Structure formats: C-alpha cells, structure tokens
Amino acid sequence: MNLFSRGASPRRADTLVEPRRPDASHGVRPEPGLAGLTGNWVIDPAHSRIGFSVRHAMVTTVRGSFTEYRSRLFFDGRDPSRSGAEILLSTASVDTGVDQRDSHLTGRDFLDSATYPHMRFLSTAVKLAGPDVYRMTGDLTIKDVTRPVVLELTYIGHVTDPFGYERVGFDGTTTINRSEWGLTYNSRLAEGGAMVSEKVRLQLDIAAIRDES
C-alpha cells in the first residue's frame, strides 16, 4: 500500500505524539480562548504547504515544497508545553516546478530518495514565546542524520468551515545548514561563490483539521 498517494487523506503516523507533562515554568500565559482547541489535529494537505527556499547562484532564490506527507499533531491550549507534532515526509515528493531540478534533488547528490524515502520531524519541547508565538524544538531526520531544530510558530486563528470541519492555522519557519545533514553537494561559480547556498529556509503554512478518530 502506498501511504504517500498524492491527494490521499492524511493518515496517522506510526509513532504517536503523546501529550507531555505540564511545565511549571510559564513566562507568558496562553489566551484563555485557546483552551477549546486542545486535542488531536492533522494537517490538511489541500490547504497547507511544507516548503523551503534556498539561494541559487548567489543572485536568485529557488522555492519548493514537499507534497506528500503524514502528520499527527497535539495542541494543548491551556498548557502549550504539553503540545507536540510529528511529520513524516516523502523525499520523492519534492516539487520546485522544474522536473530536471526535482530529479537532481531526489537523486544521490541531495536527498537520495531511493535510499532514504522519508524525512521526519518529531517535536521534543514546545514553549509559548509571546502572544500567539510558539517555539517548538524538535529532531529533524534527513538521510538517517538526526539533529535538533527550532521552529518559530505563529498562531493565525481558528474557524469552523461551511462543511463543519474545525480548522486551525499556524505559520512556521526555521533555517538550517544543509551540510549538517549530509547534503553537501555543490559547485563553484567563476566568481568564487557557491552555486547553492548552505543555508536552507524551511517554511510551514499549516491548516490543520481536528482529528476526531
């Protein structure tokens, strides 16, 4: 069975996100109205984007996204430190809008999707950093290399759509050095710079649906 069928409904990840014990140290208190959002959620891929951007040839920015993934989210509106997230992405689903470039990215020079079909993010801690701003620390695994990253998440809002689905929105971003995950391929320009920047910005535009299952 292909768990990453394009357009398929999101499925639960094999490893479940478990609510964490409350953190007694609170610098900022969450809004009381967020308590009603406590529970399990899944990312709606039709209205979300898990993307990246990287400087190319020192003068332009290439943007892309991963179109196939599974997710499991838990949000605690009363105590955000108990929240967590797990996202499992198909590395073969990278899409920059140029087939030749996508083939290069999924090949051995970069993601090597044939050998490493998945990337994984698993949160390890969540902190309320300010009004509607959360700092989520987690382990990012690429090509069997696991390193910590910190996502800066902004709460956008929540709504019940015309079909009765409860939705919540977050934007998130972080910047990584790709060579730390073994993505070391590069070529040099005549002017002396690198063809592809070491720094990659990860961008998450998340619309999640409450998981009632």
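Predicted model only: the values in this text are computed from it and were never measured.
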Where do Arg101 and Thr96 land on the side chain to side chain donor-acceptor pair (under 3.5 Å) test, with the steps shown first? CA-CA 7 Å; Arg101 182 166 56 212; Thr96 66; 2.9 Å; yes

Looking at every non-hydrogen atom in both residues, tell me the closest pair between [X] and [Y] and how far apart they are.
{"X": "Ser179", "Y": "Asn177", "value": "OG-OD1, 2.7 Å"}
{"X": "Glu166", "Y": "Gly36", "value": "OE2-O, 4.4 Å"}
{"X": "Val168", "Y": "Phe170", "value": "CG2-CE1, 3.7 Å"}
{"X": "Val54", "Y": "Lys199", "value": "CG2-O, 3.5 Å"}
{"X": "Pro80", "Y": "Leu128", "value": "CG-CB, 4.3 Å"}
{"X": "Ser48", "Y": "Ala207", "value": "OG-N, 2.9 Å"}

[X] vs [Y] side-chain heavy atoms within contact, under 4.5 Å:
{"X": "Tyr165", "Y": "Thr160", "answer": "no"}
{"X": "Tyr155", "Y": "Leu34", "answer": "yes"}
{"X": "Thr115", "Y": "Asp112", "answer": "yes"}
{"X": "Phe121", "Y": "Asp139", "answer": "no"}
{"X": "Phe110", "Y": "Arg178", "answer": "yes"}
{"X": "Leu111", "Y": "Tyr116", "answer": "no"}

Geometric class of the Phe66/Phe52 ring pair [parallel <30°, tilted 30-60°, perpendicular >60°]: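 Phe52 and Phe66: tilted rings.
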
[X] [atom1] to [Y] [atom2] distance, which is reported to the nearest 0.5 Å:
{"X": "Leu153", "Y": "Asp171", "atom1": "CG", "atom2": "CG", "answer": "9.0 Å"}
{"X": "Leu73", "Y": "Asp211", "atom1": "CG", "atom2": "CG", "answer": "9.0 Å"}
{"X": "Ile43", "Y": "Ile206", "atom1": "CD1", "atom2": "CD1", "answer": "3.5 Å"}
{"X": "Arg210", "Y": "Thr38", "atom1": "CZ", "atom2": "OG1", "answer": "8.0 Å"}

Residue list, side chain to side chain donor-acceptor pair (under 3.5 Å) with Arg108, at least two apart or on another chain: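 With sequence neighbours excluded, Arg108 shows a side chain to side chain donor-acceptor pair (under 3.5 Å) to no residue whatsoever.
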
Set of side chain to side chain donor-acceptor pair (under 3.5 Å) partners for Ser65, sequence neighbours left out: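 Scan of Ser65 (side chain to side chain donor-acceptor pair (under 3.5 Å), adjacent residues dropped) gives none.
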
State plainly whether one hydrophobic cluster holds both [X] and [Y], where clusters connect Ile, Leu, Val, Met, Phe, Trp and Tyr through side-chain heavy atoms under 4.5 angstrom apart.
{"X": "Leu183", "Y": "Ile176", "value": "yes"}
{"X": "Leu89", "Y": "Met136", "value": "yes"}
{"X": "Val94", "Y": "Val145", "value": "yes"}

Residue pairs fulfilling salt bridge (charged side-chain N to carboxylate O under 4.0 Å, His left out) with at least one residue in residues 146-157, sequence neighbours excluded: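 Residue pairs passing salt bridge (charged side-chain N to carboxylate O under 4.0 Å, His left out), neighbours aside: Arg135-Glu152, Arg147-Glu180.
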
Side-chain donor-acceptor pair present, Thr141, Thr146, cut-off under 3.5 Å: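 There is such a pair between these side chains.
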
